[in-house]
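Data first, discussion second: the structure below is written as structure tokens.
Sequence lines set the chain letters: A, B, ... in the order given, protein chains first and strands last, and positions in each chain run from 1.
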Amino acid sequence: MTLYHFGNCVALLTPYYFTYKYSGLSEYGAFWKCVQAGGIYIFTQLVKMLVLATFFYSDAPSSSGEFNFFAEILRCSMDIADLLGFALILSRIPGKGHSKLITAGLGWATAEVILSRGIMLWVGARGTEFSWIYILKCLESNVLLVQHITTATLIWLFTRHDLNKALKPLVSLLLAVTVFKGVWLEGMLHILTIGPWLTVAVKALVAAVIGFCTLHIYSGLAQQIGI
Amino acid sequence: MMNEADSLTEIFRGGLPHCLLIVFSLLLTCSPVMPSEFEVISMSKYDLNGQHYGSRVASISLEARSLYSWNTSRHCVLTRLTDLSIHDFDKLRQGAGGLILMLPANILNLDPETKELITILEQSMLTHTAAVPIYFAPYNKDLEKIIDDITYTTTDSPGQNQTALAQLVVTVSANRYHINVGGGSIAANKNSKIPIIHGELIPNQLALKPTESVADGQKLPVILITANLKTFGIYNDYPVNADAAVLLVLMELFSKLHYTSSMAPKYRLRFLLSDAGVLLNFQGSKKWLEVDDNALQNVEFVLCLDTISESLSYTTENALYMHVSKPPKDKTSISNFFKLLKSSAEKYSNGLAVEGVHKKINLADTKLAWEHERFSIKRYPSFTLSSVKSPRSPIRTTIFKNDESRLVEHTLNTTRIIAEALASFMYKVDPTSSIFEGQLAIKEENILPYFGVKSILHNNDVKDAFEKYLNNVKIIYDKPDARDPEFMFYNENEVKLNVYRVKPAIFDLFLTFVIGAYLLAVFLAIQYFPRFYDEVSKLTKEDPAGQSNGHSSERVRMKSH
């Protein structure tokens, strides 16, 4: 049942297809825009890897097994490049409306799940050894899909000039919370040492809360500009 | 800036297929990781007189079960050696799919009953044919956890008073283990052979009287001392070889004695060491008798050494038995030697008793009980000295060993008794006087190096020792007959044991249903998301009222200006 288990894990990624199919992207012919978003994701990750390897020390010998906050802050600082990548994607996709944001988030998330989880699933989930890690990683990918669509929306809101001035700091705060999630959320989860299933649940809850706040802000602006 | 972005996008559009090709190539070459890998030792395999012993199958790819929950040939039993009984082994070696035994971490800490059971189990393994692959794994903490996991799981406990739902959940979600042992094909070793080395101790010329000549020395009666070097047990490793150590120490001692003593010996000493033992039906001495039959003339007696020390002792008995096939009459050489042994034991040992055991040779049985029966059949006076009383004692074939210092001490003590008795017999000296004292004293340094000797096929330790102390050293090899081989050995491959943690097949089906339910929930959530968005939009519709209030405030301020 090893290949069957691999199929089970891949089935957990079906929400990506659901998002593409039932949010109207397939009708707008946004497939190649998603591929383009994926390409920009690859470019952004390559730049991040080059900068991390060039300008940052490797913290592997100093902290083995412990959560290094300083190293995480440095690593998450580089995630600002992800925001620039999202901005580049949004500037490359014409039009307006919901499909633009979902295309950017979905393309980015799909490229990430293929490149970072694909090899792990192919090698591990097809193996003889059973481990819950593969199911957990696929569930976490669903959480990341929501998170990336939220980030795309926040970037779009951040670049709008007609956004209410009172909401600008809130959007900036949400962006900072999203970028530095590796510091505060992973650190908190590491300190609490809860189980892996509860970890995924907490991450899903955090993504849902941030997503709801973003949706609230977005719906206000959307009504204002008549989307 | 926009042009640069365009060019970057074009590069990626062109480069993506190449990246995908590289990625797919990497994916195809990746192989699953094997987290649990253990060392295993294959069980010994050999043929003797057309009978197969040991296991003839090598590969295992089966589900792991405990000693108490296996029931078909599709189960591989994974358990501890200390938990296995003779009855279990008899059932397993005929009906299971495989057997993997974890050896004890430290056999010295076991209680005597467990030691006895282990040796009896070893003997049963070595004297039966196993139709299933059998492997031994050294002690490993991870392997012990796996054994505990498969032993204490409640999956196969029919007596449990559980609800049907609880049993269903346990059946679906319990951990299973899949055992994989590679093992190539088992082929007979066409170069199988048993080395036999023989040497003679020539008397010192100075000790001979002037009236005697060299030719007279050749006519002295012969005392032959034989021992067997054991090379395998339940697996391919050297057991304790106290017999070979005693033989080599006697060789060294009497060589020194012959060159330092001014008395003329009454007998010639010969030494014979072969790589066969009770497991191989003393094939070495049989071959030597066939080849060198004419050389063995005028034999006073043959002294065979067999299990001088119990390598895994579990009794407090301390005795040295002289096994004979025919009760010796009074005033014969064997009877005299027996009395000298008794006298020597009373003088030097701490309560070591010397007893005689008589057992007739069963000519109908092809397997011999003791090595001296080989010589008794040829009508040579012969006996075997052993620390075990019964020829069926499993101590003779165990591969495990006791505390080494106690072994060395016991072997040293017994060697001294035998040496003193033999010297008294050879030189007709008063048994009350001590010969091996002072410069000729037997010390621990003499015997300790000989405990680790290896076969002539492995290194030259035995050959060097024989050539150093003896003359006329000959080495012959017993090779199996091409048509009707009397013995045969088998090649052994390096194998690894891989234990995979798996779930039952029904579990993946159960997981499919759970994932299906989750996907249905996600599908419904996406379908209802527009409605949810409308609700969120309604929440923000109240904001324009607030803004209009702001506008009113601003208008009021402008009017006041």
Exercise. Enter the distance from Tyr518(B):OH to Leu139(A):CG here, rounded to the nearest 0.5 Å.
Key: 5.5 Å

Practice problem: Specify whether Tyr218(A) and Tyr533(B) have parallel, tilted or perpendicular ring planes, treating 30° as the upper limit for parallel and 60° as the lower limit for perpendicular. | Solution: tilted

Quiz item: Does any N or O in the side chain of Asp508(B) come within less than 3.5 Å of the main-chain N or O of Asn8(A), such that one atom is a donor and the other an acceptor?
Solution: no

Quiz item: Is there side-chain contact between Lys21(A) and Ile526(B), with heavy atoms separated by less than 4.5 Å?
Solution: no

Quiz item: In terms of heavy-atom contacts, does CZ of Phe38(B) have more than 12 from other residues, nucleotides or ligands at under 6.0 Å?
Solution: yes

Quiz item: When only pairs under 4.5 Å are counted, which of Ser219(A), Gly7(A), Pro15(A), Gly220(A) shares the most heavy-atom pairs with chain B?
Solution: Ser219(A)

Quiz item: Should the heavy atoms of other residues, nucleotides or ligands under 6.0 Å from NZ of Lys168(A) be counted, would the total exceed 12?
Solution: yes

Quiz item: In chain order, what residues pass the side-chain hydrogen bond (donor to acceptor under 3.5 Å, both in side chains) check against Tyr22(A), with sequence neighbours excluded?
Solution: none

Quiz item: So which part of Tyr177(B) gets closer than 4.5 Å to some heavy atom of chain A, the side chain, the backbone, both or neither?
Solution: neither

Exercise. Applying side-chain hydrogen bond (donor to acceptor under 3.5 Å, both in side chains), name anything that partners Gln147(A), two or more places apart in sequence or on another chain.
Key: Lys181(A)

Self-check item: Atom OH of Tyr17(A): over 12 foreign heavy atoms under 6.0 Å
Solution: no

Self-check item: Side chain / backbone / both / neither for Phe523(B) at chain A, heavy atoms under 4.5 Å
Solution: both

Exercise. Can you see which heavy atom on His5(A) is nearest to which on Leu511(B), and at what distance?
Key: CE1-CD2, 3.8 Å

Quiz prompt | Side chain / backbone / both / neither for Leu519(B) at chain A, heavy atoms under 4.5 Å | solution = both

Quiz item: What part of Ile135(A) lies closer than 4.5 angstrom to a heavy atom of chain B: side chain, backbone, both or neither?
Solution: side chain

Practice problem: Please determine, among Val514(B), Thr512(B), Val522(B), the option with the most heavy-atom pairs under 4.5 Å with chain A. | Solution: Thr512(B)

Quiz item: Does CZ in Phe18(A) sit with more than 12 non-hydrogen atoms of other residues, nucleotides or ligands closer than 6.0 Å?
Solution: yes

